[in-house]
There are 2 protein chains.
Amino acid sequence: MPGVRVDSWVLMPSSVEVAGVTWQAFAILCHTGSMPRARSRDGARRRATITDVAAAAGVAASTVSRAFTRPDRVNHRTREHVLAVAAELGYAPNPAARALESGRTNTLALLVPDITNPYFSGVIKGAERAAAAAGLTLVLGDTQENPATEEQLIRRLGPAVDGFVLSASRLPDDELRRAAELNPIALVNRATPGLACVVADFDTGTRQIVDHLASLGHESLVFLGGPPESWSGARRWAGLRVAAEARGLAATRFGPYTPTLGGGPAAADAVLAAGATAVVAHNDMLAIGVMLRLAERGVAVPDDVSVVGFDNIVGSDFCSPTLTTLAERTEDAGARAVEAVAAQVLSRVDDPPTRVLPTQLVVRRSTGVRGG
Amino acid sequence: MPGVRVDSWVLMPSSVEVAGVTWQAFAILCHTGSMPRARSRDGARRRATITDVAAAAGVAASTVSRAFTRPDRVNHRTREHVLAVAAELGYAPNPAARALESGRTNTLALLVPDITNPYFSGVIKGAERAAAAAGLTLVLGDTQENPATEEQLIRRLGPAVDGFVLSASRLPDDELRRAAELNPIALVNRATPGLACVVADFDTGTRQIVDHLASLGHESLVFLGGPPESWSGARRWAGLRVAAEARGLAATRFGPYTPTLGGGPAAADAVLAAGATAVVAHNDMLAIGVMLRLAERGVAVPDDVSVVGFDNIVGSDFCSPTLTTLAERTEDAGARAVEAVAAQVLSRVDDPPTRVLPTQLVVRRSTGVRGG
DNA sequence: GTGAAAGCGCTAACAA
DNA sequence: TTGTTAGCGCTTTCAC
């Protein structure tokens with residue numbers, strides 16, 4: 001009934017079958033005043049649909065749709081009215097229905113190996129912010145450091161999202177490329193040719209670490225490696241090696257160790273046995289674990305041993321001694337990755353770029369003059 | 001064309017309009033052998049739909065649907081065949097389409113005030129796990145400690161999810177109830193009559209804290225308050241007060257302070273000015289901030305002042321001295337809340353329960369004998 | 001500038 | 001057991 005206007009509201013009951021339950025639905029015809037929202041028989045409110053709004057506003061559903069999505073193609077007054085009615089009914093467009101039509105869900109998925117790892121908090125936060133700014137919803141997935149879980153999530157979430165941000169992905173290159181054929185993908189701290197990547201500038205960062213240690217008189221360093229599959233870990237070690245050679249320092253890799261506090265004792269003991277004066281740990285948690293063990297064994301940091309970490313996590317600023325560490329711009333990384341995916345969603349990008357983000361050496365109390 | 005079977009595959013081109021772009025779609029009729037997936041003209045793969053699978057398998061779309069959702073209502077052989085074809089085409093059901101039909105999205109939203117706050121990591125992790133176990137997708141939202149953002153997120157995500165888990169919600173009770181009429185809601189660490197809640201047992205927890213301090217000879221304590229709107233904060237102070245009175249200790253509240261490291265200096269200085277021997281901080285971050293300031297001012301913890309926190313965050317185990325704190329079962333809380341929402345999604349729950357989770361006092365090095 | 005109608009991918013009622 | 005059909009809420013031609 002197009003153009004219907006009523007001064008008071010009218011309830012038009014009709015039963016609707018949803019999910020096997022019969023709902024008592026009401027078309028509410030109204031154009032002014034406050035009113036109860038549609039209610040199903042059991043008392044739960046039924047969400048207003050575009051049809052409800054159209055009926056209540058006395059226009060066609062297509063006009064309501066345009067009022068929301070093509071403001072310029074609707075009479076100004078009509079639009080105002082429609083929006084007012086919609087607000088009154090508490091109407092919000094159903095994303096699922098939109099997605100069905102357009103094929104776009106306005107949703108991005110972010111997959112991280114471990115949500116509780118403070119390192120990923122920054123990536124999540126940055127991604128969340130960028131997604132919100134772009135009007136996109138972010139779905140978060142925890143792969144539990146497991147490639148199989150990661151693959152399963154990608155498959156399951158695939159049809160529901162417009163693209164993926166994969167942080168520290170454990171998937172082989174060819175699997176990533178296959179997934180990228182169905183959904184745009186951006187990688188964080190993982191480089192795969194042909195895919196959009198956001199990586200930290202480990203080359204410069206590790207050089208800074210080596211320079212710092214060299215300037216304190218250290219002539220050698222030990223790298224305490226993390227998980228062998230870690231792309232970042234490989235880059236860190238590679239960078240340290242090159243930089244150390246350039247500065248004439250001896251660099252040795254120990255490990256792999258668990259990149260957690262728990263990995264500390266084994267690593268620290270190995271460091272002591274080797275008589276190293278400077279150690280660079282795979283990440284901050286391992287570095288802190290190492291320092292705890294060194295303290296336990298009566299070794300002074302930094303006087304006897306200097307310790308450097310990676311990540312600048314919360315806690316590296318209040319552990320004892322405070323930790324010298326290489327900070328990455330994790331929030332930036334998350335945000336850039338989201339932007340990269342969003343760009344690919346809007347239009348096919350032929351040669352997705354690799355973005356390198358600067359790192360920053362944060363010097364605190366865990367590093368000092370050799371034999372100081 | 002029902003029942004069509006072909007021995008080799010046949011491509012039936014037809015153009016499809018999606019998102020304003022004309023796609024070259026192919027119906028693939030086949031029942032054996034490997035085949036290329038549907039491709040649009042620009043080379044990007046088109047996701048296979050139920051129709052593609054039906055055509056390729058030589059059955060009706062509804063049969064494909066049943067093969068996935070009602071295994072028992074399909075001939076075993078047919079189902080096998082359909083699933084094989086589906087796998088070959090890389091078919092996965094489109095959740096948006098399912099949602100449109102059923103009204104259920106199989107998605108839950110979890111809203112937290114600050115994703116990077118380690119306290120919420122546990123809640124997130126637990127919720128994520130429980131959701132995955134229930135076959136639900138979890139959407140994560142960051143309200144930025146802002147009631148307006150929280151409300152907006154609820155409104156925007158509402159139609160896209162089956163329910164909400166609200167952690168440390170800042171919304172007033174009546175707004176929560178209004179939102180609960182449209183979507184099932186479970187609250188974490190926030191009690192609102194009529195809604196499902198999961199809260200920590202602060203009464204017992206604070207009693208444990210007071211008992212611990214009393215047993216060390218302390219005769220009074222200072223509570224360093226956090227944000228005034230914090231429900232947990234109010235509960236913590238209320239519990240401490242009651243327990244202190246019961247044990248004959250004097251309890252005073254200072255603050256409010258920012259519940260971060262940055263809130264430490266002001267709080268610590270106030271503590272020193274008051275000559276307190278035992279302080280209980282709103283949370284661990286504040287407690288650690290206080291300890292940093294005390295160290296800076298040459299005050300010994302725990303010999304001069306004992307310090308207790310709340311949350312048992314990562315870092316409370318490696319700050320200096322390590323922190324005595326009341327641990328909550330945050331992962332459990334997240335999981336229980338998800339279960340509570342899921343239960344309400346499946347069937348209306350008339351009187352949603354409040355679940356109280358036990359807390360645990362973790363005694364470390366920051367508390368000691370008074371004047372020790 | 002607006003309405004009618006078709007259709008997105010899927011499920012569920014009804015037929016066969 | 002399986003196919004046909006209608007319709008979920010929305011957007012988008014295509015008329016008017």
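All chains are named by letter (A, B, ...) in the order of the sequence lines, taking the proteins before the strands, and each is independently numbered beginning at 1.
With a 4.5 Å cut-off on side-chain heavy atoms, Tyr91(A) and Asp52(A) do not count as touching.
The pair Glu80(A)-Arg77(A) does not meet the salt-bridge criterion, since no charged nitrogen lies less than 4.0 angstrom from a carboxylate oxygen.
Rounding to the nearest 0.5 angstrom, the gap separating the CD1 atom in Ile50(A) from the OG atom in Ser62(A) is 8.0 Å. We find the CG-CG distance between Leu111(A) and Asp142(A) to be 8.5 Å, quoted to the nearest 0.5 Å. Residue Glu151(A) holds its CD atom at 10.0 Å from OG1 of Thr149(A), rounded to the nearest 0.5 Å.
Taking only side-chain nitrogens and oxygens, Arg77(A) never comes nearer than 4.0 Å to OP1 or OP2 of dG1(C). Considering only side-chain N and O atoms, Thr63(A) lies under 4.0 angstrom from the phosphate OP1 or OP2 of dG3(C). Distances shorter than 4.0 Å separate some side-chain N or O of Ser65(B) from OP1 or OP2 on dT11(C). Contact between the side-chain N/O atoms of Thr78(B) and the OP1/OP2 oxygens of dT2(D) is found at a separation under 4.0 Å. Distances shown here put a side-chain N or O of Arg98(A) below 4.0 Å from the OP1 or OP2 atom of dT11(D).
Residue Ile50(B) contributes atom CD1, which lies 12 Å from atom P of dG3(D) at whole-angstrom precision. Computed from coordinates, the Tyr91(A) OH to dC10(D) C1' distance equals 7 Å when rounded to whole Å. Between the CZ atom of Arg104(A) and the C1' atom of dG9(C) there is a distance of 18 Å, rounded to whole Å. In this structure, CG of Asp52(B) is placed 13 Å from C1' of dC8(C), rounded to the nearest angstrom. Atom CG in Asn75(A) sits about 11 Å away from atom P in dG3(C), given to the nearest Å. The CZ atom of Arg73(A) sits 15 Å away from the P atom of dG3(C) (whole-angstrom rounding). In this structure, CG of Asn106(A) is placed 20 Å from P of dG9(D), rounded to the nearest angstrom. Note: CD (Glu80(A)) to P (dG1(C)) measures 15 Å, nearest angstrom.
Below the 3.5 angstrom threshold, one finds a donor paired with an acceptor across the side chain of Arg66(A) and the base of dG3(C). In the interface, the side chain of Glu101(B) is paired with the base of dG7(D) through a donor and an acceptor atom under 3.5 Å apart.
When each of Ala61(B) and Leu100(B) is assigned the nucleotide of DNA chain D with its nearest heavy atom, Ala61(B) is the one assigned upstream, toward the 5' end. With DNA chain D read from its 5' end, the first of the two nearest nucleotides for Ala97(B) and Ser62(B) is the one closest to Ser62(B).
The residue Pro159(B) sits apart from the nucleic acid: no heavy atom pair falls under 4.0 Å. Using a 4.0 Å heavy-atom distance criterion, Arg70(A) is classed as a sugar-phosphate-only contact.
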